[in-house]
Q: 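Quick one: structure below, then a few questions.
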Amino acid sequence: MIDLAERLNGDQTPIALLLGRTIIAADREGHVRLRFEARPEFCNGDGVVQGGLVAAMLDAALGAAVRAKAGADARPVTTEFSVRFVRPVCPGAVDAVGRVLAYAGRTAIVQAEVIDAEGQIIACATSTKLVKLK
């Protein structure tokens, strides 16, 4: 039997490949843990990962959390997305954790954090998603 994280990893979109995304844990309650590879070419002139790519990592975690809860065939569409950057990201592996806070009808409220190897929060986000089902 294929576990949920493995099933969600089967959907390797071009952005997932670009970000080096791997879903390492997921449960049916809508909790996920993803790993990304922040490559040197993601960096700005200061040598840290550009904020838009960190936001893309957060959005990937938010969407994966919804898919874990609603089903792997669900297609969450962002209707609202708020990001707070806490500290810079250096190249290398970073994790993101996401969780569904509320899910009713076709709407999900989700939250995610990108964390470094020491477990420090790098950035956090909340989002509202419209859940489309195939």
Side-chain angles (χ1 to χ4, degrees):
M1 181 174 190
I2 296 175
D3 78 348
L4 183 56
E6 188 176 341
R7 174 126 191 256
L8 293 172
N9 272 321
D11 185 19
Q12 287 287 30
T13 61
I15 190 67
L17 295 171
L18 175 70
L19 295 173
R21 183 207 77 188
T22 302
I23 300 171
I24 56 178
D27 68 34
R28 300 246 180 245
E29 296 301 311
H31 299 95
V32 295
R33 185 175 194 97
L34 290 71
R35 181 149 300 139
F36 298 95
E37 184 58 37
R39 302 188 325 226
E41 58 265 39
F42 292 177
C43 293
N44 61 25
D46 293 325
V48 297
V49 176
Q50 196 270 344
L53 290 161
V54 176
M57 294 173 188
L58 287 162
D59 194 42
L62 296 163
V66 172
R67 292 181 66 224
K69 177 92 174 169
D73 292 333
R75 292 293 174 244
V77 177
T78 303
T79 59
E80 178 271 332
F81 182 53
S82 176
V83 177
R84 293 202 184 262
F85 297 98
V86 179
R87 58 182 42 87
V89 181
C90 295
V94 294
D95 284 3
V97 292
R99 67 191 100 0
V100 174
L101 301 176
Y103 180 58
R106 294 182 49 202
T107 303
I109 308 297
V110 286
Q111 181 179 44
E113 295 91 30
V114 170
I115 54 176
D116 64 17
E118 289 77 41
Q120 302 237 12
I121 294 175
I122 294 166
C124 55
T126 56
S127 182
T128 304
K129 304 279 189 184
L130 171 66
V131 182
K132 292 184 170 185
L133 301 174
K134 284 185 174 180

Q: Examine distances only and state if a side-chain atom of R87 and a backbone atom of I121 form a donor-acceptor pair shorter than 3.5 Å.
A: yes
Q: Shared ILVMFWY cluster between L133 and V66, side chains joined below 4.5 angstrom?
A: yes
Q: Test of understanding: clusters of I, L, V, M, F, W, Y form through side-chain heavy atoms closer than 4.5 Å, transitively. Do V114 and F85 belong to the same one?
A: yes
Q: Enter the distance from T22:OG1 to E6:CD here, rounded to the nearest 0.5 Å.
A: 12.0 Å
Q: Provide the closest heavy-atom pair for F81 versus A55 in the form atom of the first, atom of the second, distance.
A: CZ-O, 3.5 Å
Q: Examine distances only and state if a side-chain atom of R39 and a backbone atom of L18 form a donor-acceptor pair shorter than 3.5 Å.
A: yes
Q: Judged by atom type as modelled, is there a donor-acceptor pair below 3.5 Å linking the side chain of R33 to the main-chain atoms of V97?
A: no
Q: Between the side chains of T79 and K129, is a donor N or O closer than 3.5 angstrom to an acceptor N or O?
A: no
Q: Determine the minimum heavy-atom distance between A108 and V131, stating which atoms define it.
A: CB-CG2, 4.2 Å
Q: Among the clusters formed by ILVMFWY side chains lying less than 4.5 Å apart, do L17 and L58 turn up in the same one?
A: no
Q: Closest heavy-atom contact between A38 and C90?
A: CB-O, 4.1 Å
Q: Name the one of I24, V94, I23, L19 that satisfies side-chain contact (heavy atoms from CB on, under 4.5 Å) with R35?
A: I24
Q: Could you tell me which non-hydrogen atom of P91 sits nearest to which non-hydrogen atom of C43, and how far apart they are?
A: CG-SG, 3.4 Å
Q: Are V83 and L53 linked, directly or through other ILVMFWY residues, by side chains that come within less than 4.5 angstrom of each other?
A: yes
Q: Grab the two heavy atoms, one from S127 and one from L62, that are nearest each other, plus how far apart they are.
A: CB-CD1, 3.6 Å
Q: Can a donor-acceptor pair be found, under 3.5 Å and without considering hydrogens, that links the side chain of Q50 to the backbone of G52?
A: yes
Q: Under 4.5 Å between any side-chain heavy atoms of E37 and R21, yes or no?
A: no
Q: With P88, which of V48, D46, N44 fulfils side-chain contact (heavy atoms from CB on, under 4.5 Å)?
A: V48
Q: Looking only at heavy atoms, which two atoms of G63 and P76 are closest? And how far apart?
A: O-CG, 3.7 Å
Q: Report yes if some heavy atom in the side chain of T107 is under 4.5 Å from a heavy atom in the side chain of T128; otherwise report no.
A: yes
Q: Is there side-chain contact between F36 and V54, with at least one heavy-atom pair below 4.5 Å?
A: no
Q: Hey, what do you get for NZ (K69) to CZ (R99), rounding to the nearest 0.5 Å?
A: 13.5 Å
Q: Under 4.5 Å between side-chain heavy atoms, hopping through other hydrophobics if needed: is there a path connecting I15 to V49?
A: yes
